[in-house]
K.L.:
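Sharing a structure below in structure tokens format, with a few things to ask.
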Protein chains: 2
Amino acid sequence: MENFRTYIHSLIDLSEEGWMALRPALTTARYKKGHCLLQEGQVCNKLFFISTGYCRAFYRKGEQEVNTNFFFESEIATNNDSFWTGEKSKFSIQACENISTVILDRSILLKAGQENHEIATLGRLCLHQTAAKLESHASLFKLMTAQERYGYLEKHNPVMLQRVPLNQLSSYLGIARETISRIRSRRS
Amino acid sequence: MENFRTYIHSLIDLSEEGWMALRPALTTARYKKGHCLLQEGQVCNKLFFISTGYCRAFYRKGEQEVNTNFFFESEIATNNDSFWTGEKSKFSIQACENISTVILDRSILLKAGQENHEIATLGRLCLHQTAAKLESHASLFKLMTAQERYGYLEKHNPVMLQRVPLNQLSSYLGIARETISRIRSRRS
DNA sequence: CTCTTTTTGTGACGATCGTCACTTGTGTCA
DNA sequence: TGACACAAGTGACGATCGTCACAAAAAGAG
């Protein structure tokens with residue numbers, strides 16, 4: 001919960017009134033490893049602020065699962081698209097460890113945003129932040145080869161390499177598990 | 001300009017008051033083929049609604065240019081990241097044909113958004129829309145092979161294949177120009 | 001209408017990366 | 001402690017795709 005205050009402060013200097021308006025939208029929850037915060041086909045009606053642990057977002061493609069995102073401590077796990085438009089989500093979000101979260105409720109947040117200006121801005125900043133994360137990851141694929149992508153992650157997000165098993169990183173980087181393993185051995 | 005009204009209506013049912021608040025932010029302009037609407041290193045302080053013609057967004061990577069996006073009629077060309085945060089843009093946006101545009105000024109829009117609720121919502125919807133476009137294109141790379149990506153574009157955005165020359169599509173799809181050419185001939 | 005530039009198509013070849021099969025750790029649980 | 005599941009390393013092989021080189025076609029410019 002302290003993490004959460006720090007996170008909000010990093011986005012906006014929220015007044016006491018703003019905090020009061022935000023509070024009704026908040027709850028906390030813990031989930032076990034393997035639990036799905038969001039299921040494919042559901043509408044994403046919550047933002048999950050991750051206090052401890054991490055999650056993954058994945059599409060199903062035929063028999064396989066393709067990871068498109070990971071959410072670690074002090075990040076917001078959500079499907080932006082579904083959350084803001086109310087459409088059904090095309091992917092799922094699942095806890096990869098036991099996690100504890102701060103949950104922001106969609107309908108309360110939207111209502112609060114209509115009445116309180118700071119909350120509306122906060123919503124936009126959240127949206128922007130998660131979108132920016134997606135965009136920067138997307139550009140990896142357009143600008144870099146497989147090796148370069150791995151190198152980039154090694155430099156800019158080493159935590160991910162340490163915590164996420166290779167078979168899950170594989171689809172995230174668009175590189176076969178074996179190939180990642182070989183890139184590693186070439187490096188050392 | 002009529003396109004523009006239609007576009008706005010597709011996002012939000014703007015009241016007469018809302019239109020009045022929006023109007024001061026608007027101007028129109030024409031640019032010649034080759035002109036840069038946004039230069040790498042500048043702050044993106046305008047949204048360009050494309051009335052006619054199309055543009056491309058591109059990064060410079062060493063000697064090469066890598067196209068990350070195309071903007072056609074009734075789309076908004078911008079660098080979301082730079083526009084909303086005020087940071088310098090890492091890529092440029094250039095007219096690929098002679099274009100006519102409706103321009104939304106950043107500072108006027110932000111001010112209008114603070115005073116008028118509809119404008120704030122409109123801003124968020126624009127942000128969301130352009131972000132969604134980026135995300136869906138990004139997922140192409142994680143979910144599909146080169147051939148499938150081409151096939152997807154053929155199905156969901158045939159206009160792009162018709163209007164954009166292969167050497168520019170190449171970097172956008174992450175496929176060599178020659179390979180695209182071969183995929184084409186295999187199909188027919 | 002020519003000349004030039006740009007765009008597209010094709011062939012040959014090699015590098016990269018994915019797939020399959022198997023081995024080697026590294027827990028985790030009863 | 002052994003049994004089992006899961007993660008990671010490794011070798012062999014083939015498919016895909018990028019690169020280079022050149023030809024054909026189309027589009028612009030004067």
Side-chain angles (χ1 to χ4, degrees), chain A residues 32-35 53-56 58-59 61-68 70 94-98 140-154 158-188, chain B residues 32-35 53-56 58-59 61-67 70 94-99 140-154 158-188:
Chain A
K32 285 191 186 166
K33 175 174 175 175
H35 180 261
Y54 80 96
C55 311
R56 69 187 181 110
F58 64 97
Y59 283 84
K61 192 199 177 188
E63 301 292 283
Q64 304 213 336
E65 292 178 353
V66 179
N67 296 318
T68 53
F70 292 99
Q94 185 188 40
C96 295
E97 299 176 348
N98 294 335
L140 292 189
F141 287 84
K142 293 174 211 161
L143 296 170
M144 305 182 191
T145 66
Q147 295 212 42
E148 292 172 323
R149 290 202 292 280
Y150 181 87
Y152 185 89
L153 209 63
E154 203 173 27
V159 175
M160 198 182 287
L161 294 184
Q162 287 157 21
R163 292 178 69 178
V164 179
L166 283 198
N167 54 28
Q168 288 192 17
L169 264 184
S170 166
S171 58
Y172 179 73
L173 283 173
I175 312 177
R177 186 184 59 75
E178 296 90 333
T179 304
I180 300 183
S181 180
R182 288 186 185 107
I183 292 176
R184 273 193 183 167
S185 56
R186 256 177 259 161
R187 296 288 183 95
S188 52
Chain B
K32 284 191 186 167
K33 175 174 176 175
H35 178 261
Y54 80 96
C55 311
R56 69 186 180 111
F58 64 98
Y59 284 83
K61 190 198 177 188
E63 302 292 281
Q64 303 212 337
E65 292 178 352
V66 179
N67 295 319
F70 293 99
Q94 185 188 40
C96 296
E97 298 175 349
N98 294 335
I99 61 175
L140 291 189
F141 287 85
K142 294 174 211 162
L143 296 171
M144 306 181 190
T145 66
Q147 293 212 42
E148 292 172 323
R149 290 201 293 279
Y150 181 86
Y152 185 89
L153 209 65
E154 203 173 26
V159 175
M160 199 182 286
L161 294 184
Q162 288 158 21
R163 292 178 68 178
V164 179
L166 283 198
N167 53 30
Q168 289 192 17
L169 264 184
S170 167
S171 56
Y172 179 72
L173 282 173
I175 311 177
R177 185 184 60 73
E178 295 90 333
T179 303
I180 299 182
S181 180
R182 287 185 185 108
I183 292 176
R184 273 193 182 168
S185 55
R186 255 177 260 162
R187 297 288 185 95
S188 54

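Per chain, numbering begins at 1; letters A, B, ... match sequence-line order.
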K.L.:
I want to check one thing: is the phosphate of C:dG9, taken as OP1 and OP2, less than 4.0 Å away from some side-chain N or O of B:Ser185?
P.N.:
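No, outside the criterion.
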
K.L.:
Here's a test of your reading of the structure: between A:Gly174 and B:Pro165, which maps to the more 5' nucleotide of DNA chain C?
P.N.:
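It is B:Pro165 whose nearest nucleotide is closer to the 5' end.
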
K.L.:
Could you state the atom-to-atom distance from CD1 of B:Ile175 to P of C:dG9 in whole Å?
P.N.:
14 Å

K.L.:
Are the side chain of A:Tyr54 and the backbone of A:Arg163 linked by a donor-acceptor contact shorter than 3.5 Å?
P.N.:
yes

K.L.:
Nearest whole Å is fine: how far is D:dA26 P from B:Gln162 CD?
P.N.:
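So the CD-P distance, B:Gln162 to D:dA26, works out to 17 Å.
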
K.L.:
I need the CG-C1' distance between B:Asn167 and C:dT5, as an integer number of Å.
P.N.:
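Computing the B:Asn167:CG to C:dT5:C1' distance gives 12 Å.
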
K.L.:
Assign each of B:Ile180 and A:Ala176 to its nearest nucleotide of DNA chain C by heavy atoms, then name whichever residue's nucleotide is nearer the 5' end.
P.N.:
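Looking at DNA chain C, the more 5' nearest nucleotide goes with B:Ile180.
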
K.L.:
B:Tyr150 has an atom OH; how far is it from atom P of D:dG18, in whole Å?
P.N.:
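Interatomic distance, OH of B:Tyr150 to P of D:dG18: 14 Å.
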
K.L.:
Between D:dG9 and A:Ser181, is there an OP1 or OP2 to side-chain N/O distance shorter than 4.0 Å?
P.N.:
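Result: yes.
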
K.L.:
Looking only at heavy atoms, which two atoms of A:Lys142 and B:Asn67 are closest? And how far apart?
P.N.:
CD-O, 4.4 Å

K.L.:
With DNA chain D as reference, determine whether A:Thr179 or B:Ala146 sits nearer its 5' end, using the nearest nucleotide of each.
P.N.:
A:Thr179

K.L.:
How many whole angstroms separate atom CD1 of A:Ile183 from atom C1' of C:dT16?
P.N.:
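Checked: the CD1 to C1' distance equals 10 Å.
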
K.L.:
Determine the interplanar angle of the B:Phe70 and B:Tyr172 rings, folded into 0 to 90°, and report it as parallel if under 30°, tilted if 30 to 60°, perpendicular if over 60°.
P.N.:
perpendicular

K.L.:
Rounded to whole angstrom units, what separation is found between the CG atom of A:Leu166 and the P atom of C:dG27?
P.N.:
15 Å

K.L.:
At less than 3.5 Å, do the side-chain atoms of B:Glu178 and the base atoms of D:dC17 form a donor-acceptor pair?
P.N.:
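Between D:dC17 and B:Glu178, which were checked side chain against base, a qualifying N/O pair under 3.5 Å is absent.
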
K.L.:
Using atom types as modelled and distance alone, determine if a side-chain donor or acceptor of A:Arg149 lies under 3.5 Å from a backbone N or O of A:Met144.
P.N.:
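At least one qualifying donor-acceptor pair exists.
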
K.L.:
Rounded off to whole Å, could you give me the CZ-to-P distance for the A:Arg184 and C:dT24 pair?
P.N.:
20 Å

K.L.:
If only atom types and distance count, is the side chain of A:Gln94 paired as donor or acceptor with the main-chain N or O of A:Gly34 below 3.5 Å?
P.N.:
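Yes; judged by distance alone, with no hydrogens or angles, the pair exists.
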
K.L.:
Roughly, in whole Å, what's the span from CG in A:Leu169 to P in D:dA8?
P.N.:
8 Å

K.L.:
Could a donor-acceptor pair under 3.5 angstrom be found where the side chain of A:Arg182 meets the base of D:dG11?
P.N.:
yes

